[in-house]
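In what follows, a structure is listed as structure tokens, so that the remarks can point back to it.
Each chain gets a letter, A, B and so on, in the order its sequence line appears, and its residues count up from 1. Predicted model only: the values in this text are computed from it and were never measured.
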Protein chains: 2
Amino acid sequence: MARVRLIDVAELAGVSMKTVSNVVHSYPHVAPALREKVQAAIDQLGYRPNLTARRLATGKTGMIALAIPEIDHPYFSELSRQMAEEATRRGYRVIIEQTLSDPDLERAVLSDREAGLVDGVIFHPVRMGTLDIAKLDAGTPLVLLGEAAMPVMTDHVMIDNVSAALDATRHLLASGCRRIAFLGVIAADITGSTSQRLLGYQQGLLEARIRLDPELVFTALEFTAEAGLRSVTDAIERGVRFDGVVCRDDRFAIGALKALHDSGRSVPEDVAVVGWDNTFLAAYTSPTLTSVAPKKTALVAAAFDLLEERIGGYRGVGRHVIVGHSLEVRESAPHAF
Amino acid sequence: MARVRLIDVAELAGVSMKTVSNVVHSYPHVAPALREKVQAAIDQLGYRPNLTARRLATGKTGMIALAIPEIDHPYFSELSRQMAEEATRRGYRVIIEQTLSDPDLERAVLSDREAGLVDGVIFHPVRMGTLDIAKLDAGTPLVLLGEAAMPVMTDHVMIDNVSAALDATRHLLASGCRRIAFLGVIAADITGSTSQRLLGYQQGLLEARIRLDPELVFTALEFTAEAGLRSVTDAIERGVRFDGVVCRDDRFAIGALKALHDSGRSVPEDVAVVGWDNTFLAAYTSPTLTSVAPKKTALVAAAFDLLEERIGGYRGVGRHVIVGHSLEVRESAPHAF
DNA sequence: CCGATAATGTACAGCGCTAGAAAGATATTT
DNA sequence: AAATATCTTTCTAGCGCTGTACATTATCGG
């Protein structure tokens, strides 16, 4: 079952390869009669262009890589979906690379860009720092996501984490919480995404003239609901009192919800909970979860806009785009209650 | 910033392209001194082989496509992750194609295989029937997932849905349920996956000499938690009485849990709930969710085994592999209670 | 009715890498 | 020392498609 090649079609139709190619690409100046004859040959042979060859000849791959820590984190799987759909709309395909927050795998992402596999990369780093990225940043178009490193030459899309965390904290304060915890500090996260959220949280407390109690900053060991659950359970067992908790992401919030439920506390009456990312989970927990909602659609669009400009030849300094966010208020932290 | 090519390295090192290529591929018969010199040139220039060119030359792409309905369905995102990791172990990369359960997109998956982009395809069809697939099945290696169509010539991996549904139903019966509902019939799902689960459910009732009450088969409009919630809420509002429910997947189960909670019923005391897929969600709902657990690791391994055999040249009839499953018992449907 | 402009079509040199044939160099054997 | 075997390296023809340069026809105003 040998593949049908362009030249096979050309021979059958009795024309040159280029003419067949012109038909395939709907090049305007092909005589209707010829076009028909060629098309017939294409159909008869079931010809499909070999994309690899096309790529080698044109230098464009039509693919972009999306490098994220974990495919199955709800935030990233939802993001992936939107990226894939936006890519399709813009005529690209997406290769998803999972870095597992492993520094070596993250580095590999940036090195691979040079392998000519993709036209560009959208990358959400977790472990790599600014310098690491700057050092490896070769010529291939790159757009960074998240709050991590931001080398001056690289484009970057994010939400304003400080102000989003501030909003979440204010929301809890407004509904009467006074001992608000922050769940989700993690030693391995050096990217500052968490620390910015923590900063917004502190700022919120400050506004309300509440002194930050270090006991209320809950640490987790890794980015899982399980770790969140354990962290909150530990705090409860240590006797820490709190009436609200801002979580670094929805998975932690789900763990928190479960820990509170298991310990007999009710949400939001005893403890109000705010999550982050507004993944679909938030709408299906009991109680449903109030969550910080980054404008994902805007984020995806912005990332592609920047990337396409780079692919188009832009070589200037890095642009830093901040997309909006909102707070999706649900049962776990309703308006005044 | 022109790319460094093989020939550039060869010139710098003063050797032929093939020698450089030999070094790149760790070909054994290269004199140590030369190898070192070449390696130095590679490092100095920062050479990375152009994968597109390599592909054209070898005919192997090193990529496989994973075509699934939705990236952000927890079952599929967890599956994707495992597929991606298994692929890495076996030296492949994965391109994820989202079909959105759209017949045209599903068809496109099979047509694309011929475009020489990937060495093989792992495909979980939802809408395409046996004949459709058989018709489009060209020469490229293909392995199907799920319970859908099974053309004789195509390899196929699945779990035994009938017996898994039977297990779930028996479990509910054993803990005293007598009016057990089935949630998740969907008109658009023609693949038989749901109908097999329904069959196992009926079989379970039959064993217990319980007549199937059609009122207890809950229909949903689409595969979302929202649709599951609505379906169960409707049933409750219609006055349908039931004390157990087998759900077609975890997302429906989450919707059901929420509907029951919202209507003031407690789980499992009033109604016991069993989900399907054992996604990570199951462990973090309140109560936690008992769920049918396909052996994902085995499934992924089997799919790759079959695919690699096809890639390796196997041309025989389709193999149909059934991987195991278990029932992860959690709070929503504990053992006798 | 002619040269000029536009419309069609062909030829062929790459894109960067691989791999088999062939050549050159060195080691082993008798 | 000649002959054979074994390494090591070079040469070069593709992989299938694109795009430029050029050849060949139509089209058309004056």
- Item | Partners meeting ring-ring contact (aromatic ring centres under 6.0 Å, His included) with B:Tyr314 (sequence neighbours left out) | none
- Message: Can you build the contact string for nucleotides 12-21 of chain C? Use B for base contact, S for sugar-phosphate-only contact, and - for no protein heavy atom under 4.0 Å.
- Response: --BBBBBBB-
- Query: With sequence neighbours left out, what residues match B:Arg5 under side chain to side chain donor-acceptor pair (under 3.5 Å)?
  - Reply: B:Asp8
- Message: Taking salt bridge (charged side-chain N to carboxylate O under 4.0 Å, His left out) as the cut-off, I'd like each qualifying pair that reaches into residues 9-23 of chain B, sequence neighbours left out, listed once.
- Response: none
- Task: Could you tell me which residues satisfy salt bridge (charged side-chain N to carboxylate O under 4.0 Å, His left out) with B:Asp277, sequence neighbours excluded, listed by chain and number?
- Result: none
- Message: According to salt bridge (charged side-chain N to carboxylate O under 4.0 Å, His left out), who are the partners of A:Glu70, at least two apart in sequence or on a separate chain?
- Response: A:Arg251, B:Arg81
Sub-3.5 Å pairs of nitrogen or oxygen atoms, protein against nucleotides 24-26 of chain C:
none

- Message: Going by salt bridge (charged side-chain N to carboxylate O under 4.0 Å, His left out), name the residues that satisfy it together with A:Lys37, two or more places apart in sequence or in a different chain.
- Response: none
Check residues 39-47 of chain A and write down every donor-acceptor pair under 3.5 Å in which the side-chain atom is one partner and the other belongs to a residue at least two apart or another chain.
from, atom 1, to, atom 2, distance (Å)
A:Gln39, NE2, A:Asp43, OD1, 3.1

- Any donor-acceptor N/O pair, B:Asp155 side chain to B:Arg319 backbone, under 3.5 Å: yes
- Note on the structure: Those residues at least two apart in sequence (or on a different chain) that pass salt bridge (charged side-chain N to carboxylate O under 4.0 Å, His left out) with B:Glu36 are none
- Item | Partner residues of B:His25 under the ring-ring contact (aromatic ring centres under 6.0 Å, His included) criterion, sequence neighbours left out | none
- Range on DNA chain D touched by chain B - first to last nucleotide, heavy-atom distance under 4.0 Å: D:dT8 to D:dG16
